[in-house]
2 protein chains.
Amino acid sequence: MNDISILTKALQHSGLRLTPQRMAICELLAATDRHPTALWIYEQLRPRYPSLSLATVYHTLEALVGLGAINELGSAGDGTVHYDANVQPHINLACVSCHRVIDLPSEHIEHVASEVKDASGYRLFGARILYYGLCPECQAKAI
Amino acid sequence: MNDISILTKALQHSGLRLTPQRMAICELLAATDRHPTALWIYEQLRPRYPSLSLATVYHTLEALVGLGAINELGSAGDGTVHYDANVQPHINLACVSCHRVIDLPSEHIEHVASEVKDASGYRLFGARILYYGLCPECQAKAI
DNA sequence: TCTAAATTAGTAATGATTATAAATTGAAAT
DNA sequence: ATTTCAATTTATAATCATTACTAATTTAGA
Ligand SMILES: [Mn+2]
Ligand SMILES: [Mn+2]
Ligand SMILES: [Zn+2]
Ligand SMILES: [Zn+2]
């Protein structure tokens, strides 16, 4: 869904090695429109990389967040951190019942992003633009 | 900084009792422009309420989040959840070094909020509009 | 090939949060 | 006023996502 080279180049440019494990994590992050957790990534890759460690997944995600290559969205009602490989300004919608996170494109949020970049004085690493509630499916179930 | 009656009325209207502990937590939330954690609230109130339990603080915050009376912003680089009693649309800036969260008013984000409310199809509880990075003071220290 | 630093894997430790259960409170109903 | 009963609080234990640690492995460069 996103460009894997953004992720891999971020790692390489910062002097970090592009190991097979990191490459696989970047591939997965770039290919999915989900907003994965460390555990989900680990479980997806385990069949192909049986020796992969969950600690490696956490380390890689931490590195990518520090480089601004992915965003750390936080919990979706499930107590675990969700990540977003799409760092283009957009809105995320989290359902606190089914714990899914989806995207909602928005022109307004692009203005917000440049507003913050220009006026905050902060050195920005990432953004957490997320509304939480009940998705239409889970609303229907709840009735 | 905010209106305490919004918080207390939310509790009462939902059938929850307005106990002294809950009242004190709401007062603190409404009075501060910090974005407190459960532990900070607990430590602030302990002198006045020596018997207060940290569990009660967590329960009250959970209830207020469920009612949409406060927002759950997530971590500011410190691994603990920060809350925001100001649910009016605005931008939050978190410093991952000093773990402070400040507000940045924005007209654009108000448009985003109504956009999401009208077009998402979600029943919304709250928002997490937060940019993270290094504040000007921590940038200066880092040099 | 040799060397040293980076990385990984495996496991232990941490600590924020949640669960549990007994004690307390408080709003009715009698 | 007393009783009743559910809600709430407190204290403590349990959970579990994440981080820390260490030995083994990999890899880039000399
Ligand atoms: Mn997204
Ligand atoms: Mn705020
Ligand atoms: Zn849902
Ligand atoms: Zn700072």
Side-chain angles (χ1 to χ4, degrees), chain A residues 7-8 10-26 28 35-43 45-67 70 72-83 94 96 99 101 132, chain B residues 7-8 10-26 28 35-43 45-67 70 72-83 94 96 99 101 132:
Chain A
L7 298 176
T8 56
L11 287 173
Q12 290 179 305
H13 186 265
S14 70
L16 293 171
R17 290 182 192 161
L18 190 53
T19 63
Q21 291 90 337
R22 286 176 178 164
M23 178 66 98
I25 292 167
C26 290
L28 202 56
H35 295 74
T37 65
L39 184 62
W40 184 84
I41 293 172
Y42 174 64
E43 287 171 344
L45 294 180
R46 210 161 20 169
R48 273 194 291 154
Y49 296 85
S51 74
L52 180 68
S53 166
L54 186 53
T56 299
V57 178
Y58 274 108
H59 288 149
T60 302
L61 290 170
E62 184 189 21
L64 290 169
V65 170
L67 295 168
I70 64 175
E72 191 200 279
L73 296 184
S75 161
D78 51 1
T80 67
V81 174
H82 289 249
Y83 297 88
V96 297
H99 313 313
V101 182
Y132 53 91
Chain B
L7 298 175
T8 56
L11 288 173
Q12 289 179 307
H13 186 264
S14 71
L16 294 171
R17 289 185 193 159
L18 190 53
T19 63
Q21 292 90 337
R22 286 175 178 165
M23 179 65 100
I25 292 166
C26 289
L28 201 55
H35 296 74
T37 65
L39 185 60
W40 184 84
I41 293 172
Y42 174 64
E43 288 171 343
L45 294 180
R46 210 160 22 168
R48 272 194 291 154
Y49 295 85
S51 75
L52 180 68
S53 166
L54 185 54
T56 299
V57 178
Y58 275 108
H59 288 149
T60 303
L61 291 169
E62 185 188 21
L64 290 169
V65 170
L67 295 168
I70 63 176
E72 192 200 279
L73 297 184
S75 161
D78 51 1
T80 67
V81 173
H82 289 249
Y83 297 87
V96 298
H99 313 311
V101 182
Y132 53 90

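Here the structure is a predicted model, which means the values were calculated and not measured. Chain naming here is simple, since letters A, B, ... match the order of the sequence lines and numbering starts at 1 in each.
- Taking atom CE of residue B/M23 and atom C1' of nucleotide D/dT8, one finds them 16 Å apart after rounding to whole Å.
- Of the candidate nucleotides D/dT27, C/dG10, D/dT10, D/dT10 has the atom lying nearest to any side-chain atom of B/L52.
- Look at CG on A/D78: it is 13 Å from C1' on D/dC16, rounded to the nearest Å.
- Side-chain proximity of A/T80 to D/dA11, D/dT18, C/dG10: nearest is D/dT18.
- OP1 or OP2 of D/dT9 has at least one side-chain nitrogen or oxygen of B/T19 nearer than 4.0 Å.
- Residue B/T56 is classed as a base contact, given a heavy-atom separation below 4.0 Å to a base.
- Between the P atom of C/dT18 and the CD atom of B/E62 lies a distance of 6 Å, rounded to the nearest Å.
- Put simply, A/R17 has no side-chain N or O that comes within less than 4.0 Å of OP1 or OP2 on D/dA28.
- Applying the side chain to side chain contact (heavy atoms under 4.5 Å, CB included) test between B/Y83 and each of B/I41, B/L73, B/V65 identifies B/V65 as the sole match.
- B/Q21 has a side-chain polar atom (N or O) that falls below the 4.0 Å cut-off from OP1 or OP2 of D/dT10.
- Here B/Y58 reaches the OP1 or OP2 of C/dT17: one of its side-chain N or O atoms lies under 4.0 Å away.
- Distances were taken from every side-chain heavy atom of B/S51 (C-beta onward) to each of D/dT26, C/dA9, D/dT10; the shortest belongs to D/dT10.
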- Query: What do the steps show when you test B/Q21 against B/T60 for side-chain contact (heavy atoms from CB on, under 4.5 Å), and what is the final call?
  - Reply: CA-CA 9 Å; B/Q21 292 90 337; B/T60 303; 5.9 Å; no
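- Atom P of nucleotide D/dT27 and atom CD of A/Q12 are separated by 14 Å, given to the nearest angstrom.
- Applying side chain to side chain contact (heavy atoms under 4.5 Å, CB included) to A/Y42 and the options A/T37, A/L54, A/T56 leaves one that passes, A/L54.
- Judged by distance alone, with hydrogens and angles left aside, the side-chain atoms of B/Y132 form a donor-acceptor pair with the main-chain N or O of A/E72 at under 3.5 Å.
- For B/Y49 and C/dT24, the OH to C1' distance is 17 Å, given to the nearest whole Å.
- When the C1' atom of D/dA17 is taken as reference, atom NE2 of A/H82 falls 12 Å away, rounded to whole Å.
- Within the nucleic acid shown, A/L16 comes within 4.0 Å of sugar-phosphate atoms alone, with no base atom in reach, counting heavy atoms only.
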- Can you list the steps and then say if B/L45 with B/L28 is a side-chain contact (heavy atoms from CB on, under 4.5 Å)? CA-CA 8 Å; B/L45 294 180; B/L28 201 55; 3.9 Å; yes
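- One atom, CG of A/L54, and another, C1' of D/dA20, lie 14 Å apart when rounded to the nearest Å.
- Residue contacts shown for B/L39 are absent, as no nucleic acid heavy atom lies under 4.0 Å away.
- At whole-Å resolution of the value, CD1 in B/I41 and P in C/dA16 are 15 Å apart.
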